[in-house]
Protein chains: 2
Amino acid sequence: MSRLPVPDLGSYLREQRESAQMSVRQVAKAAGISNPYLSQIERGLRRPSAEILQQLAKGLRISAEQLYIRAGILDDSSTGAPVEQPYDVTVAIMADERLTDRQRRALLDVYRSFVGDGADATAEPVDPATPDHP
Amino acid sequence: MSRLPVPDLGSYLREQRESAQMSVRQVAKAAGISNPYLSQIERGLRRPSAEILQQLAKGLRISAEQLYIRAGILDDSSTGAPVEQPYDVTVAIMADERLTDRQRRALLDVYRSFVGDGADATAEPVDPATPDHP
DNA sequence: GCATTGTGCTTGCAGTTGCAAGCACAATAG
DNA sequence: CTATTGTGCTTGCAACTGCAAGCACAATGC
């Protein structure tokens with residue numbers, strides 16, 4: 001299946017950036033750092049200082065603590081860190097309350113056609129907050 | 001005993017060290033850094049990286065978070081507010097390495113067309129409307 | 001066709017971190 | 001008085017961070 005989240009800091013940052021649909025330059029500007037530097041950070045060629053990390057957290061609108069933990073400069077005991085969920089597309093789609101069932105099926109169809117997966121075709125997965133549908 | 005809050009990081013570190021009755025060399029050794037460097041940090045001549053700060057926290061047996069806040073690289077307010085949504089379609093799509101970038105874009109396009117653009121998925125309005133603003 | 005704009009990346013280069021080696025001074029002992 | 005041992009501090013120097021300028025490629029418009 002999909003592998004567990006992120007191996008290192010750079011990948012995590014890139015993932016966050018791309019899921020926010022932002023370019024390197026956009027995030028760099030929002031964070032107040034240069035774009036080539038961000039690029040290097042994302043590829044693991046540079047180890048950013050904590051200040052840069054904080055600015056990046058702001059630019060990406062994510063938690064600075066999470067980033068520090070990712071960067072290995074904070075132990076995640078004090079923060080009450082939530083357990084990391086594996087990012088499963090199927091589960092995420094099923095759990096999204098804003099989608100109608102029809103839309104869910106459409107998305108899942110496309111997704112399965114991409115990954116060629118028949119495995120959990122019977123999509124009846126759990127969901128934590130079963131929205132019984134207002 | 002209780003001292004008034006310290007103006008800057010260096011003074012704070014020195015205070016902690018002295019109240020622990022340790023020499024510069026002792027703390028430096030316990031933290032795994034060099035003694036002249038610690039001396040410079042305490043006098044405010046150098047701005048230690050977060051890694052050094054973490055090691056110092058260990059060497060002094062004090063909270064790393066406290067030190068980060070003191071160093072100005074962590075906001076006091078942010079220390080308890082992780083707002084990561086476990087089941088996020090966007091993130092899940094981005095994290096799925098079975099997909100190509102092209103496929104990701106296609107899926108995201110469909111998804112966004114369903115939920116309305118701008119989306120970062122969370123159905124619940126945890127986020128106070130933050131209209132972006134370049 | 002050929003600009004134009006957007007994307008990420010490569011390349012020098014100034015400025016900083018962090019350290020090994022050594023200095024100046026005080027307090028102990030011999 | 002002369003070691004010896006402790007304290008904090010000064011001084012170059014290698015290694016790294018972070019950036020401005022520019023490159024290569026793709027997608028758009030004219």
Side-chain angles (χ1 to χ4, degrees), chain A residues 6 8-60 64 67-68 70-73, chain B residues 6 8-60 64 67-68 70-73 90 93-94 97 99-106 108-109 112 117 132 134:
Chain A
V6 259
D8 62 71
L9 176 72
S11 314
Y12 177 69
L13 282 171
R14 173 154 296 188
E15 205 167 85
Q16 291 298 317
R17 176 175 65 79
E18 290 181 339
S19 77
Q21 287 259 295
M22 296 177 76
S23 72
V24 171
R25 281 181 171 83
Q26 279 178 313
V27 172
K29 183 164 192 176
I33 72 176
S34 74
N35 67 81
Y37 189 42
L38 175 55
S39 171
Q40 289 170 318
I41 291 171
E42 285 187 347
R43 283 174 300 144
L45 303 181
R46 292 278 208 275
R47 306 184 63 211
S49 73
E51 264 182 327
I52 298 287
L53 282 181
Q54 190 191 29
Q55 293 172 22
L56 278 174
K58 279 192 176 126
L60 282 168
L67 219 45
Y68 291 169
R70 272 299 200 264
I73 59 171
Chain B
V6 223
D8 61 72
L9 177 70
S11 313
Y12 177 69
L13 282 171
R14 174 155 293 187
E15 202 167 88
Q16 291 298 313
R17 176 176 64 80
E18 288 180 342
S19 78
Q21 299 262 344
M22 298 176 76
S23 73
V24 172
R25 278 182 173 81
Q26 278 177 314
V27 172
K29 183 166 191 174
I33 72 175
S34 74
N35 67 79
Y37 189 42
L38 175 54
S39 171
Q40 289 171 319
I41 291 171
E42 285 186 348
R43 283 174 300 142
L45 302 181
R46 291 279 208 275
R47 309 222 295 141
S49 73
E51 265 181 326
I52 299 286
L53 281 180
Q54 188 191 30
Q55 293 171 19
L56 279 173
K58 275 187 179 136
L60 281 168
L67 218 45
Y68 291 170
R70 202 61 95 158
I73 59 172
T90 309
I93 289 173
M94 292 312 297
E97 55 179 18
L99 296 170
T100 67
D101 277 342
R102 180 179 293 269
Q103 290 171 332
R104 286 199 183 93
R105 240 173 296 137
L108 287 172
D109 277 345
R112 290 207 186 82
D117 194 26
D132 32 43

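Convention: sequence-line order gives letters A, B, ...; per-chain numbering from 1. From a predicted model like this one, the values you see are computed outputs, not experimental measurements.
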Looking only at heavy atoms, what is the nearest atom pair of [X] and [Y], with distance?
X       : Y       : result
A/Gly10 : A/Asp8  : N-OD1, 2.9 Å
B/Thr90 : A/Ser19 : CG2-O, 3.2 Å
B/Val24 : B/Leu38 : O-CD2, 3.5 Å
A/Ala57 : A/Ala64 : CB-CA, 3.7 Å

All N/O donor-acceptor pairs, side-chain side in residues 25-32 of chain B, below 3.5 Å, sequence neighbours left out:
{"residue": "B/Gln26", "atom": "OE1", "partner": "B/Ser23", "partner atom": "N", "Å": "2.8"}

- Measure from the side-chain N and O atoms of B/Tyr68 to the backbone N and O of A/Ile73, and report whether any donor-acceptor pair falls under 3.5 Å. yes
- Item | Of residues 32-45 of chain A, the positions that come close to DNA chain C - non-hydrogen atoms, cut-off under 4.0 Å | A/Asn35, A/Pro36, A/Ser39, A/Gln40, A/Arg43
- Message: Expected output is a numbered-order residue list: members of residues 46-59 of chain B with a heavy atom under 4.0 Å from any atom of DNA chain C. What is it?
- Response: B/Arg46, B/Arg47, B/Pro48, B/Ser49, B/Ile52
- Task: Take the C1' atoms of the five end pairs on each side of the helix from C/dG1-D/dC30 to C/dA27-D/dT4, derive the two axes, and give their angle rounded to 10 degrees.
- Result: 10°
- Partner set under side-chain contact (heavy atoms from CB on, under 4.5 Å) for B/Arg14, not counting sequence neighbours: B/Arg17, B/Glu18, B/Glu42, B/Arg43
Rounded distance (nearest 0.5 Å) linking atom [atom1] of [X] with atom [atom2] of [Y]:
X       : Y       : atom1 : atom2 : result
A/Ile52 : B/Ser49 : CD1   : OG    : 12.5 Å
B/Leu53 : B/Arg70 : CG    : CZ    : 12.5 Å
B/Gln16 : B/Leu56 : CD    : CG    : 11.5 Å

- Any B/Leu60 side-chain heavy atom under 4.5 Å of B/Leu67 side chain: no
- Message: With heavy-atom distances below 4.5 Å as the criterion, would you say the side chains of B/Pro48 and B/Ile33 are in contact?
- Response: no
- Contacted region of DNA chain D by chain A, from 5' end to 3' end of the hits, cut-off under 4.0 Å to heavy atoms, spans D/dT17 to D/dG22
